[in-house]
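Only one structure is covered here, and it is reproduced in the block below.
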Amino acid sequence: MTDTPPDQPCQLAPFARSRQIDDWPPSPQRNSGALATSNRGWRIRWPVLDLATCSRCGLCFLYCPDAAILLSQEGYPTVADDWCKGCGLCAAECPKDSIRMGEDGEDTQP
Amino acid sequence: MSRPHETVWLGRGGQGAFTAARLLGLSAVRFAARQALAFPSFGPERRGAPVFAYTRIADAPIHDRSATRCADVAVVMDASLLSSVSTSFLTPRTLLIVDTDAPLTLALPGRHYGVPAKRLAREWLGSEHTNTLLLGVLIGLTGLLPAEAVADGIRAEFGQGSRAARNLDAFWHAHDLGLKLRDADPSAAA
Amino acid sequence: MSQLAFLSGNEAVAEAVRLCRPKVVAAYPITPQTVVVEALAGMVESGRLESEFVHVESEHSALALVMGAAATGVRTFTATSSQGLLYMAECLYYASGGRFPLVMMNANRALALPWNIYGDQSDSLALISAGWIQAYAETAQESLDMIIQAYAVAEDPAVRTPVLVNLDGFVLTHTYEAVSLPEPSEVDDFLPPPVFPDDYPGTFDLARPQSLAITAGPGDYAVFKARQHWAMCQAAKHIRTTAHAFRAAFGRGCTGLVEGYRSEDAEFILITLGSTAGTVRVVIDELRASGQSVGLIRLRYLRPFPTDELNDALFGAERTVAVRALGVLEKDISFGHQGSVALEVKAALYDRGAGVPVRNFVAGLGGQDVSRAHLADCFTELAATLDTAARVASGVRFVGLKDLVDDHDQEPA
Amino acid sequence: MITIKNLPEPEYFVGHKACGGCGGSLVVRWTLKVLGERCIAVIPAGCMSAVGFIYPQMALGVNAMIAPFAATGAVLSGVARGLKARGIEDVTVVGFAGDGATADIGLQALSGAFDRRERMLYICYDNEAYMNTGIQKSGATPFGARTTTSPGGYRPETDAPKKDLIRIAAAHGIPYAATASVGYANDFLKKVQKAAQVEGPSFLHVFAPCPTGWGCDADSTVRLGKSVVDTGLWPLVEWENGAVRLNRNPARFAPLETYTGEQARFRRLTAADLADLEATRDRQWRALRAWVRESAGM
């Protein structure tokens, strides 16, 4: 069954398109948090972080509608490649101007 | 095959015509091992408006669900209705029982029996509800069901309280009255 | 043991629901269904039924609400009629597409305009494609029995398709008759528990969260719909096995999706549904007594449509006489064509019934009384159908229209 | 108390297909962080259901279902009663409906659920038009805002403001109703927590910008969420058991242009329109302050 849940909710899980009719669940239902495709292709720009000036306030993490900013144990942000759509909210709301929107694919932590 | 016995009840909304129709059917089914359908004239219930109700009784299961076209018995709880509603279900064979204090002079088909039901209900029941009383007259006159079966039906409907006792009392009195009417006209027996 | 009661169709449904112990009941009144929700309210108040009784603000909400409740894994009930059924039409498709195992009673009633509260079958037949199993009861007893069986069928994990149990408005909903009322323990033994097992598909799961009633794009939608269709087709088998089990447990009831009455040796057969079948039986007995070769086939279920059963009944090996003409009698008209049931029947007969003339009789619209004389007329007309001229006339015959208008009951020239 | 400083780590709304900078998805993400995994979400037809449940990808990490457009309140009721019948008491039932699904087509079902005192949290994420269908006017579209069905800017016969959902909710006498904005996160988080604790229905009306529909930059969502409050166009109000409180009650408002100037939907506003908008705002605030005084028994 393609219905097998991923180990963690809302993690990227590989999903091969069903080929057998029985691979579809019997009704419009599916395990929650079962994701297949990345949103990577949505963006033109993405955040480039200057950790030297980062105050670890966490506002970038707070305001990301896509949960694409992850915080390290120490409170520093990293960018989730699969989820960032490049909207720029994190950069706009960073009180220290530690985030700028660079080209997609640029090193996020130069 | 034998045709089911058809009783038509005619009253005004609130007078208990349908309760009487249902009580007769209930007694037939639960206490006389007969089959019955009981149904009201379909539609919204409006207090005071003319109400028909029907009881269809037979020995075998009743499948016919069409309207009653020929009544064996018609019970009229308010004589004033007879001039304003269609009585096409009356035939020369119909026994027409009418609540009236005055002598009956109706230009309608059927054999007519006048009973001062409201006056008697005030006396026996302390109310103007004539349904159990007219049920008693009907059973006495026609012998359609064993009277004890209808008494059981009344007990099942009204429970054990004083209301049941009063209604039973009225029923039996009325039953005697029906028997007397029948003695005067033996052809009325069902 | 079971007790004999004197109940209306509506009351029989309410008693059946009480015995099935739904955990959530959504109630919105509409004539002629209202007695059902009133009776259930009384049962909840008196403690005879332990259920969340929810007063909703519309039929749309009633069906949406029981869908939400079913998603938590509990048995539910609601009832409606006519405009109410159409008002919840969107949710009917939702519920069947989501494969929620709901049971709903519908008091068959005419549709406005003209506004009319009396019985006919236009409401449920308008929603024949909504993905619900559609059952039509003839008697109060069958209404009670169908409700109980409906839960068994709907909740069967292989079916998971909602069931609509239809009662003719007033003629059945408001008519009192003898009903054998089972004991609660007997129904408990017959049905699964009213709280579904934790792994019941299509319900929330707190240990393993589920997304239900989801979106599917063009690449997947068709697969879900095909599976829904197959489940409905499979349901026919489950309806029959459930009916056999019911008969074994309670000693009564039809076991097929169609029921014949004196039809095996009848040349002229009326096909109908609902309570009108009862009056047809009486007319058949009368006509048989005068030597006429007439019979009845009653459609107990319109979805899944019993194509094979119907064909077997009409053309099967057990017949002793060949069918010469068929009439389909229904309280419905699909404007500009014919009655919906006639269209269904004709489609079902396409392979095996070629050459048998089928006439469509529309009767009982908006509560019009269907009399024995009307039905006898139908059989007379069926016989006349055999002459070539009548055979090609495919129009609808409005039964009894002559009683109402002086000139004609056929389409103006 | 959960604040922006200690927002729980688990994510329950990830990988959804909402537009970049979507305010509505921020509302869902934050709310689920507060409520945690023992929650059942009901989402009617609209942006959040269209972006969160596309088979086979399910973006919500909690139990969830899509409701018929008009029936969020009814489905929430059903879920709440089903849980009650099963004796499950520690699961929050939450609805996320847009402004069309709340102020227009779903108002009847919402009113019924309020009336029945269902134990549910109903969140309206308000982006002020039907966005999932492509920016059509709703009952919550403000004066002067261009939509595809009000191309010249929404101009009703009068200068009536958008439907006052908080007053409609409060008029049902429910225990808790509040407005919030994605621009004021702590205020929002506090209100979600309060609302989830209430016995009975609670209602949050949350300002949730839609960069796609409003013609503003994708990174302006939070900024607009602040400026709409600071200009007085979106009062932060709390109704708790009959008492009304203004969470922000400024003596002076920021100029309207700081809010309208960023959005293409307001581009056609003339100076006279802005004056009308300002007058309407001031009238609303007078009424609001009167409501506060009245509720305090003054």
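To find a chain, count down the sequence lines: A is the first, B the second, and so on, and within it residues start at 1.
- You'll find the side chain of B:Phe39 stays beyond 4.5 Å of the side chain of C:His174, heavy atoms only.
- Residue C:Glu138 touches chain B through both its backbone and its side chain, counting heavy-atom pairs closer than 4.5 Å.
- What you find for B:Ser66 and C:Ser371 is that their closest heavy atoms are CB-CA, 3.9 Å.
- Atom-to-atom distance recorded for B:Leu37:CG and C:Tyr176:OH is 13.0 Å, nearest 0.5 angstrom.
- Residue B:Val29 comes nearest to C:Leu4 through the heavy atom pair O-CD2, 3.4 Å, listed as atom of the first residue, atom of the second, then distance.
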### Task
Evaluate side-chain contact (heavy atoms from CB on, under 4.5 Å) for B:Ile62 paired with C:Glu177, printing each intermediate quantity in order.
CA-CA 9 Å; B:Ile62 302 166; C:Glu177 54 192 284; over 6 Å; no
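- Neither the backbone nor the side chain of C:Ala277 comes within contact range of chain B; no heavy atoms are under 4.5 Å apart.
- Heavy-atom distances place the side chain of B:Arg69, and not its backbone, under 4.5 Å from chain C.
- With rounding to the nearest 0.5 angstrom, the CG atom of B:Asp64 is 10.5 Å from the OG atom of C:Ser275.
- Partner of B:Arg65 under the side chain to side chain contact (heavy atoms under 4.5 Å, CB included) criterion, chosen from C:Val370, C:Val282, C:Thr139: C:Thr139.
- Heavy-atom pairs under 4.5 Å with chain B were tallied for C:Pro32, C:Gly278, C:Gly169; the largest tally goes to C:Gly278.
- By the 6.0 Å and 45° rule, B:Arg30 does not stack over the aromatic ring of C:Phe6.
- No side-chain heavy atom of B:His63 sits less than 4.5 Å from a side-chain heavy atom of C:Thr279.
- Neither the backbone nor the side chain of C:Thr31 has a heavy atom closer than 4.5 Å to any heavy atom of chain B.
- There is no contact between B:Tyr54 and chain C, counting heavy-atom distances below 4.5 Å.
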